[in-house]
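One structure below.
Here is the naming used below: chain letters follow the sequence lines, and residue numbers restart at 1 for every chain. Note: hydrogens, waters and symmetry copies are ignored here, and every other heavy atom, side chains too, is used.
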Amino acid sequence: MQGVKQKALELLTGGKADRVLGWRRGETFYDPTPGVFASAEEVERDFVFDAFCGANLSKYLIALDRAEGVTAVFLKPCDSYSLVQLIKEHRIHREKVYIVGVACEGMCGYDALMKAGIEGVLSFEEEGDALKVHTLYGDTVIARKDALLSKCEHCKSKRIVTYDELLGEQGDEVADSGRFDEVARLEKMTPEDRFAFWQNELSRCIRCNACRNVCPACSCEKCVFDNPDSGIRNKAAADSFEENMFHIIRAFHVASRCTDCGECTRVCPQRIPLHLLNRKFIKDINELYGEYQAGADFDTRPALLNFQTGDCEPSIVHVRGGERA
Amino acid sequence: MSVKTDWKPTIVAFCCNWCSYAGADLSGTNRLQYPANVKIIRIPCSCRLNPMFVLRAFQRGADGVILCGCHPGDCHYTTGNYYARRRMTLLFSMLDYLGIERDRTRVEWVSAAEGAKFAATMNEFVATVTALGENRRLEDLRCKA
Amino acid sequence: MRRDPLIPMIGVVSHIRVDTPDVKTFRVIGLDGKKPFEHIPGQCAMLSVPGVGEALFSITSSPTEEAYLEFSIKKCGCVTDWLHAMTPGQQVTIRGPYGNGFPVDTEFAGKDLLFVAGGIGLAPLHSVINYCRHYRDRYGRIDIVYGARSKEDLVDYEEILNEWLSEDGINVHLTIDREQPDWDGHVGFVPNYVKELSPDTGMTVVMCGPPVMIKFTLGGLMELGFPRDGIYTTLELRMKCALGKCGRCNIGSKYVCKDGPVFRFDQLDELPDEY
Amino acid sequence: MKQIALNRLDELFAAISARQTLLIPQQLENGDAEFRPWSAEAKLYTGLKTSRSAKDAFFPQVENLVGFKVSEQGIELMDTRDEVQPFTLFGVRGCDARSFDILDRVFLAEPVDTFYADRRAAATVVTLACNRPETTCFCQSFGIDPSRPAGDVTCWMDAENLYWQPNTDKGRALTEALSLLEEGEEARAKRVEEDIQAVLKRLPLKDLSLDHVGAGKTKALFDRPEWAELSEACLGCGACTFVCPTCQCYDIEEFKSGGSVRRFRCWDSCMYSDFTLMSAGQPRPTQTERFRQRFMHKLVYYPDNQDGLFSCVGCGRCLVKCPIHMNIVKVINALKEGTA
């Protein structure tokens with residue numbers, strides 16, 4: 001994706017943007033860091049865009065919204081959903097961002113390479129649908145689909161919701177993403193098994209708050225979990241209850257606003273599949289209140305900020321549960 | 001786990017000030033019986049029930065949590081209970097998804113005139129939770145020490 | 001029970017004195033009725049109300065006071081709110097003493113001392129002043145400049161009037177920020193007053209008060225020609241352990257709880273500006 | 001030197017376990033590894049590192065300090081200290097082993113933290129040489145030798161055997177209790193060591209320069225403009241601090257359970273906005289100051305106070321776990337560029 005860097009230069013020198021939000025090259029190929037570039041020289045020196053630029057940049061725009069002038073940003077399809085949701089929530093002014101949509105075939109991550117058992121990674125080359133990885137212990141080839149970030153495994157959409165210009169082709173929503181399959185599998189389990197599954201996952205939580213801090217939907221100036229008067233500001237998962245509480249409430253607070261960007265799972269240092277909590281809410285909302293995708297447009301009301309007089313009763317949980325369990 | 005025969009569940013009932021709280025009163029003045037282990041917490045509207053309250057109740061020793069509000073369409077604030085209904089539906093579904101027994105949570109619409117319904121609902125809910133036994137999956141051991 | 005520096009002892013608040021509308025002085029003794037521990041002027045202790053929180057306070061009483069520890073505490077947060085609502089006889093937990101304290105027996109010995117305090121900033125100095133009064137012959141001249149917003153906000157006003165002012169060789173200069181009817185003393189801010197008084201630059205200065213007072217008084221003292229290594233102050237940052245382990249009260253490589261709270265300005269000059 | 005065939009490792013673990021609790025790195029379903037108590041089903045994780053460091057064994061994330069019963073009559077202290085039993089920590093890598101020294105200098109300094117000290121005294125640390133170092137490893141820069149890690153016992157592994165070298169009294173006591181250990185072939189352990197040394201020479205971060213950081217560098221580094229750019233993307237989460245083997249900051253919090261109050265300590269992070277927040281103000285108001293604190297502490301403040309020893313062991317966990325891939329290597333290199 002050479003075009004991205006070129007575009008960044010063009011936007012800065014052409015005066016379309018006062019700064020560009022993109023990625024800064026790292027020490028190695030797999031560790032670019034989000035960065036703000038104010039000059040063409042900086043872009044020339046440090047800007048990078050490749051298969052390992054997976055981070056969702058939209059949340060940084062909340063802070064940049066207060067800066068003077070226009071920020072140009074490169075958004076992948078899933079990032080664009082987050083941005084639209086934030087604009088909808090009046091956290092970002094549309095006119096303060098210049099959006100360059102970047103078509104995406106899925107992003108890769110170091111974590112995926114490690115999971116695939118590749119040790120001592122030094123560098124990589126893209127070879128069609130595969131990555132050739134040079135390591136300390138010899139070369140190896142991994143299919144791109146096996147090197148994908150967890151959040152890209154079930155891509156929901158290749159459509160860039162809003163943009164000022166586009167690099168690559170506009171895509172469509174992915175009808176058969178299969179992103180609810182895992183949720184459905186869990187729903188089919190017995191309550192005992194589900195409980196055991198989640199205890200096993202959530203008990204590893206170290207309350208580092210990475211999931212919360214990276215989440216574009218968690219945009220509160222002061223989080224309830226940081227409020228000493230809330231009675232729930234225990235920094236550590238001091239008891240299994242605290243972990244449950246934290247994750248249930250966090251998922252609930254973003255329910256119907258979560259665009260399913262998957263950043264929570266990507267950043268979890270303990271590899272907890274947190275997206276499965278969010279997807280459960282999304283799946284329920286779709287099934288009970290009609291299909292709804294947060295961030296897909298500028299005007300529909302999120303399900304929890306809306307109601308129908310004929311909505312189902314909470315007892316539906318028993319009815320549906322009865323069918324399943 | 002050995003279930004003590006004399007064990008009685010602790011039930012927290014969040015009741016809307018404008019309907020079910022009065023309904024509870026009415027059932028009292030009518031001398032209708034419902035178990036004493038139902039602890040009523042008055043809230044200004046069913047939609048005041050923050051999901052955190054439900055979890056907090058379980059943490060602090062509740063074995064079952066029930067929300068009582070005005071019948072849909074009768075909310076004192078016009079639409080509060082409609083929002084509460086969606087929220088509780090999703091919350092209960094999430095608790096179920098996490099493997100928490102779904103019978104520990106319930107929503108029931110009880111008007112100020114339905115003293116009998118209030119008592120009947122509580123009796124029934126207490127029986128359901130008693131059958132389930134102690135809340136183990138959402139407990140906080142520190143609160144039981 | 002096994003002891004640990006983090007496990008406090010229980011103290012009894014035996015007496016509470018109302019100093020100003022928002023400052024009270026709490027006298028604390030152990031369960032055995034004795035002073036909980038010995039300390040050096042300028043040191044601090046952790047007081048806590050279980051269930052509310054724990055916080056660090058300067059010990060206001062002089063080590064020469066044999067029966068108890070005293071703390072002058074301004075109401076400004078959870079723990080202090082709770083303390084202010086207490087009645088004598090109630091219990092708190094206490095652990096300490098913490099910090100380096102003032103070098104009363106070394107660097108201060110034989111020196112002329114100038115104490116400069118603003119508002120509740122008198123609390124940490126109170127201990128030193130009374131220590132020096134007790135061992136009066138070990139020190140030279142003692143000057144005290146103390147200011148507050150109003151007469152009512154002067155901490156320990158009774159003691160100042162009845163004891164300090166009446167003692168020979170101790171010069172107390174009081175000032176308040178604005179004129180008020182029952183006040184015939186000096187009116188004005190502390191930094192200006194210090195400059196007006198134009199103290200001898202050979203004096204050792206001990207200063208405590210709000211940051212803005214410290215900043216301008218220090219400027220004034222510099223103008224007068226005081227050396228920075230002759231001026232002491234005491235700092236405060238958020239603390240949890242007070243043992244130099246929990247990691248939050250550092251300024252550069254110094255921990256306020258362990259290496260401080262008392263610093264000389266030439267020492268502070270070596271530290272990054274992050275306090 | 002002793003040795004035991006790899007296919008008899010379970011017997012070795014069973015023998016240690018019969019004596020005292022044994023913690024070994026074990027792989028979880030999701031691919032991560034963690035130190036967990038050995039059981040008959042447990043398999044030794046043969047990958048390089050656990051995802052969290054080994055510090056948990058001595059400095060757990062949450063620990064009860066003391067309890068209080070508060071009543072009209074007054075306050076009563078309750079002993080809530082967990083009893084510590086002797087245990088063996090097996091499979092610690094060189095980096096984590098060094099981190100214990102770094103933590104010791106904080107927790108065992110006067111006044112001694114007895115909670116930590118008890119656990120340290122109760123533990124026998126068995127370290128394991130790193131056969132396959134990662135490209136994110138830079139422990140060499142801090143003078144750590146992963147081919148011969150320090151510990152009560154040092155072990156090497158080749159395709160056939162585990163070689164076992166006791167170094168301390170504790171290590172010798174454990175060795176004596178393990179009669180199934182056979183006489184070891186030192187030459188073979190030496191060969192493992194040499195193989196590791198050869199890999200170390202090829203690590204990309206082996207030449208990390210530390211001359212521009214360290215004790216006495218506060219003035220030179222504190223006001224550097226690079227901090228702003230380095231910290232611009234920082235999310236302010238605590239992932240780096242919580243996986244770090246040397247991060248030791250903690251918070252003391254209380255939990256009211258109705259009948260009593262429990263005072264506990266838990267890990268805290270200088271990256272959090274409330275870490276230094278006071279009612280009187282905030283000395284580190286933005287993420288830049290918090291970020292700077294973390295790295296200045298590791299690279300300057302700690303060395304200032306501990307004879308030049310860095311509070312980083314080059315384990316590379318923060319390189320892997322940071323959500324935005326900012327890390328200590330980038331900080332060290334960025335500060336170097338500007339120093340020239």
From [atom1] ([X]) to [atom2] ([Y]), nearest 0.5 Å:
{"X": "B:M94", "Y": "A:I248", "atom1": "CE", "atom2": "CD1", "result": "7.5 Å"}
{"X": "B:R136", "Y": "A:F195", "atom1": "CZ", "atom2": "CZ", "result": "11.0 Å"}
{"X": "B:Y97", "Y": "A:E187", "atom1": "OH", "atom2": "CD", "result": "6.5 Å"}

Parallel, tilted or perpendicular: which fits the ring planes of B:Y82 and A:F307, with parallel below 30° and perpendicular above 60°?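 B:Y82 vs A:F307 ring planes: parallel.
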Measure distances from [X] to the heavy atoms of chain B and classify the residue's part below 4.5 Å as side chain, backbone, both or neither.
{"X": "A:T309", "answer": "both"}
{"X": "A:D193", "answer": "neither"}
{"X": "A:A196", "answer": "neither"}
{"X": "A:L305", "answer": "backbone"}

Counting a contact as any heavy-atom pair under 4.5 Å apart, which residues of residues 85-93 of chain B contact chain A?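 The stretch touches chain A at B:R85, B:R86, B:R87, B:M88, B:T89, B:L90, B:L91, B:F92, B:S93.
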Top residue by heavy-atom pair count (under 4.5 Å) with chain B, among A:S256, A:S315, A:A303?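 Heavy-atom pairs under 4.5 Å are most numerous for A:A303.
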With sequence neighbours excluded, give me every salt bridge (Lys or Arg N to Asp or Glu O under 4.0 Å) pair touching residues 258-273 of chain A.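 Salt bridge (Lys or Arg N to Asp or Glu O under 4.0 Å) check on residues 258-273 of chain A returns A:D111-A:R271, A:K151-A:E263, A:R179-A:D260, A:D260-A:R279, A:E263-A:R266, A:R271-D:D32.
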Enumerate the salt bridge (Lys or Arg N to Asp or Glu O under 4.0 Å) contacts for residues 67-76 of chain B, please, sequence neighbours excluded, ordered by first and then second residue.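 Sorted result for residues 67-76 of chain B: empty, none.
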Enclosure of A:H93 NE2 (heavy-atom neighbours >12, cutoff 6.0 Å):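 It does not: A:H93 NE2 has 12 such atoms or fewer within range.
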Surrounding CD of A:E192 (heavy atoms of other residues, nucleotides or ligands, distance under 6.0 Å), is the total greater than 12?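 Yes, enclosed.
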For the pair A:E313 and B:R106, find out whether any cationic side-chain nitrogen is under 4.0 Å from an anionic carboxylate oxygen.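 No, this pair does not count.
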Indicate yes or no: at least one non-hydrogen side-chain atom of A:M245 is less than 4.5 angstrom from one of B:R56.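 Result yes, sub-4.5 Å side-chain heavy-atom pair found.
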Could you check if a side-chain atom of A:Q199 sits within less than 4.5 angstrom of a side-chain atom of B:L98, using non-hydrogen atoms only?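 Side-chain contact under 4.5 Å: no.
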Pair up each side-chain donor or acceptor in residues 32-55 of chain B with any protein partner under 3.5 Å, not counting sequence neighbours, and list the distances.
{"unit_1": "B:N37", "atom_1": "ND2", "unit_2": "B:P9", "atom_2": "O", "d": "2.7"}
{"unit_1": "B:R42", "atom_1": "NH1", "unit_2": "B:N17", "atom_2": "OD1", "d": "3.2"}
{"unit_1": "B:N50", "atom_1": "OD1", "unit_2": "B:M52", "atom_2": "N", "d": "2.9"}

Which atom names give the shortest non-hydrogen contact between A:H318 and B:D103, and what distance separates them?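 Scanning both residues, the minimum pair turns out to be CD2-OD1, 3.0 Å.
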